[in-house]
Protein chains: 2
Amino acid sequence: MVNKKCIIRLSRYKSALQRLKALGFVKVFSGNLADAAGVTSSQVRKDFSLFGITGNRRGGYSVDELIAKILEILGKNELQRVVLVGAGNIGTALMRYKGFESGGIKIVAAFDIDPEKINRRSELPVLPLEEFADFVKQNSVRVGILAVPDIAAHHVSELMIRSGIMGILNFAPIQLRGADKVIINNINLEVELENLIYFVNAMQKTGQIE
Amino acid sequence: MVNKKCIIRLSRYKSALQRLKALGFVKVFSGNLADAAGVTSSQVRKDFSLFGITGNRRGGYSVDELIAKILEILGKNELQRVVLVGAGNIGTALMRYKGFESGGIKIVAAFDIDPEKINRRSELPVLPLEEFADFVKQNSVRVGILAVPDIAAHHVSELMIRSGIMGILNFAPIQLRGADKVIINNINLEVELENLIYFVNAMQKTGQIE
DNA sequence: GAGTATTTGATATTTTTTTCACAACAATTT
DNA sequence: AAATTGTTGTGAAAAAAATATCAAATACTC
Ligand SMILES: NC(=O)c1ccc[n+]([C@@H]2O[C@H](COP(=O)([O-])OP(=O)(O)OC[C@H]3O[C@@H](n4cnc5c(N)ncnc54)[C@H](O)[C@@H]3O)[C@@H](O)[C@H]2O)c1
Ligand SMILES: NC(=O)c1ccc[n+]([C@@H]2O[C@H](COP(=O)([O-])OP(=O)(O)OC[C@H]3O[C@@H](n4cnc5c(N)ncnc54)[C@H](O)[C@@H]3O)[C@@H](O)[C@H]2O)c1
């Protein structure tokens, strides 16, 4: 199986291509895409070859075909339904965000233990956590966002996995131990800031970057 | 200069160590830390040697010393002041989050162009964007969080850089072009979800992971 | 329609990152 | 105090990732 970085680059190529398409481009060369995505042209062609994406020698790639192929690889042909646990600060921000839907991702329901947060009427309902397993099974959702406090994160992740969730985007600042056949992407904002701070400090000391 | 992944591992070691300390551990071996952080013991020792962190042969490392050294490397000896631009969904979630402060990071001010968002009275004031440059210079802040809509992101990033910001944590779904001596960490949540979806789909097809 | 210029796709090379392996050493036992 | 055990620190090896190279293909020019 290909590695994570490679799929992230595919997402980048996709965005770049959509931008190029909007600008009227009909075909594109690996070099153009490379520039737009901030990588080398070799990298672009290497990535494509991994997925069996081919172009025309000297003719480059058709923008439309390329977009279609990448969308298919990324599973963007069908709307991807996602659930959210923890309708707090981060959870609410995500629920309000309109950008996911234009990208074919829809948060279909949120879950919380706080009775105050429950709201069945909303277009994006917030349901009690007890209903999580049933909902996920009935709607065969496979991806979930975890936005609960760190103390609850482990417990909730187990519930998610038990209910059939296979991919978790975790915002809690703990390293979740993924079960077999479950993939977990951790977003740790404090670590990201720490990282930035380290490099800024290092840069100020040495005047150098990377 | 060391690479980003390595610093991220340092952050992980730090968290693991703090957990171990809370559990009463006084010393620790590279193997323990490796398990706690999900890496190999060689990796731990290699990382440490990069920063000149040494332990005692056969005696392992003193938890307290190790924590102190890592905190110093990560610049956590002093409170790190950070600014935020864009007091919208994500921005507000970040402003309300209490977890940063316990980690020595403090959002000292937020900025927005929407007059409705301005609030000078709050403990964490939201100020008009026009005051950004002065504020940053006067308070010599070097790290900023960018949480404005994608269309505004490029413009705001330039303002930030011009004002002296050297590290940007960017939430807008565009690839910011970092100037010289400026480091940018992009958080692209849609890409993260896309990634998850890809691997979940791939796993369902092949029954395999990685 | 031949010739030329340019780009892909595959392979080779280089660079980076991770893991291995083990000498050096220090605590503990005998 | 000698032997033993267990852990570090590091240079060497391996693995993984990125980049360079170049023959083959093909679009374009004249
Ligand atoms: N808000 C931020 O900017 C931010 C930044 C970095 C990390 N995080 C992390 O993201 C997570 C969420 O942060 P937040 O600020 O949104 O927290 P929050 O306290 O605002 O929201 C947490 C929500 O989870 C709900 N909850 C608690 N336990 C639950 C459970 N067992 N099952 C279901 N729901 C439960 C709570 O009722 C609440 O609505 C935390 O782990 C936090 O550390 C947040
Ligand atoms: N909310 C999410 O869950 C989410 C998810 C993924 C990505 N993002 C990205 O994060 C960014 C912020 O998202 P959001 O949902 O918080 O948006 P939002 O619209 O809620 O907030 C944006 C804020 O930025 C302010 N703003 C606009 N232009 C500005 C400018 N030039 N200078 C200063 N402030 C300005 C607005 O007044 C508003 O308060 C966007 O780029 C979005 O694509 C958000």
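Here is how names work: the chains are called A, B, and so on, in the same order as the sequence lines, proteins then strands, and each is numbered from 1.
Side-chain atoms of S49(B) lie closest to dT10(D) of the nucleotides dT19(D), dT18(C), dT10(D).
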If you look only at distance, which donor and acceptor atoms sit under 3.5 Å apart when one is on a side chain in residues 148-161 of chain B and the other is two or more places apart or in another chain?
residue	atom	partner	partner atom	Å
S157(B)	OG	H154(B)	O	2.8

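Counting heavy atoms from C-beta on, the side chains of S140(B) and R81(B) come closer than 4.5 Å. Taking the side chain as every heavy atom from C-beta outward, I53(A) and I70(A) approach each other to under 4.5 Å. Residues V83(B) and V108(B) are in side-chain contact: their nearest non-hydrogen atoms beyond the backbone lie under 4.5 Å apart.
Taking 4.0 angstrom as the limit, Q43(B) places a side-chain polar atom (N or O) nearer than this to OP1 or OP2 of dT19(C).
The base of dT17(C) does not come close enough to the side chain of K46(B) for any donor and acceptor atom to sit less than 3.5 Å apart. Side-chain N/O atoms of K5(B) and base N/O atoms of dT17(C) include no donor-acceptor pair closer than 3.5 Å.
Rounding to whole angstrom units, CZ of residue F29(B) and P of dC25(C) are separated by 19 Å. Protein atom CG of L50(A) is 10 Å distant from nucleotide atom P of dA17(D), rounded to whole Å. Rounded to whole angstrom, the span from the CG atom of D47(B) across to the P atom of dT8(D) amounts to 14 Å. If you measure from atom CG of D35(B) to atom P of dT7(D), you get 12 Å, rounded to the nearest angstrom. The distance from atom CD1 of I8(A) to atom C1' of dA18(D) is 16 Å, rounded to the nearest whole Å. A straight line from CG of N32(B) to P of dG6(D) spans 14 Å, rounded to a whole angstrom. A straight line from CG of N3(A) to C1' of dT16(C) spans 14 Å, rounded to a whole angstrom.
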Can you check each nucleotide of nucleotides 21-27 of chain D against protein heavy atoms at under 4.0 Å and return B for base, S for sugar-phosphate only, - for none, in 5' to 3' order? B-BBBBB
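R142(B) and N201(A) share a side-chain donor-acceptor pair at under 3.5 Å. Judged purely by distance below 3.5 Å, without hydrogens or angles, the side chains of Y13(B) and D47(B) pair a donor atom with an acceptor atom.
Between the CG atom in N170(A) and the CG atom in N188(A) there is a gap of 8.5 Å [rounded to 0.5 Å].
Within the nucleic acid shown, T54(B) comes within 4.0 Å of sugar-phosphate atoms alone, with no base atom in reach, counting heavy atoms only. S30(B) comes within 4.0 angstrom of sugar-phosphate atoms only, judged by non-hydrogen atoms across all strands, and of no base. Among the protein residues, Y61(B) comes within range of the sugar-phosphate backbone only, with heavy atoms under 4.0 Å from sugar or phosphate atoms but none that close to a base.
Overall, the helix from dG1(C)-dC30(D) to dT30(C)-dA1(D) carries an axis bend of 0° between its ends, with five pairs at each end and the value rounded to 10°.
A side chain to side chain contact (heavy atoms under 4.5 Å, CB included) with I168(A) is found for exactly one of I184(A), N185(A), I145(A), namely I184(A).
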Step by step, would you call K4(A) with E192(B) a salt bridge (charged side-chain N to carboxylate O under 4.0 Å, His left out)? CA-CA 10 Å; K4(A) 174 168 169 167; E192(B) 294 290 334; 3.5 Å; yes
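Considering all non-hydrogen atoms of both residues, F135(B) and A109(B) come closest at CZ-CB, 3.5 Å.
Toward the 5′ end of DNA chain D lies the nearest nucleotide of G60(B), the other residue of the pair G60(B) and T40(A) mapping further downstream.
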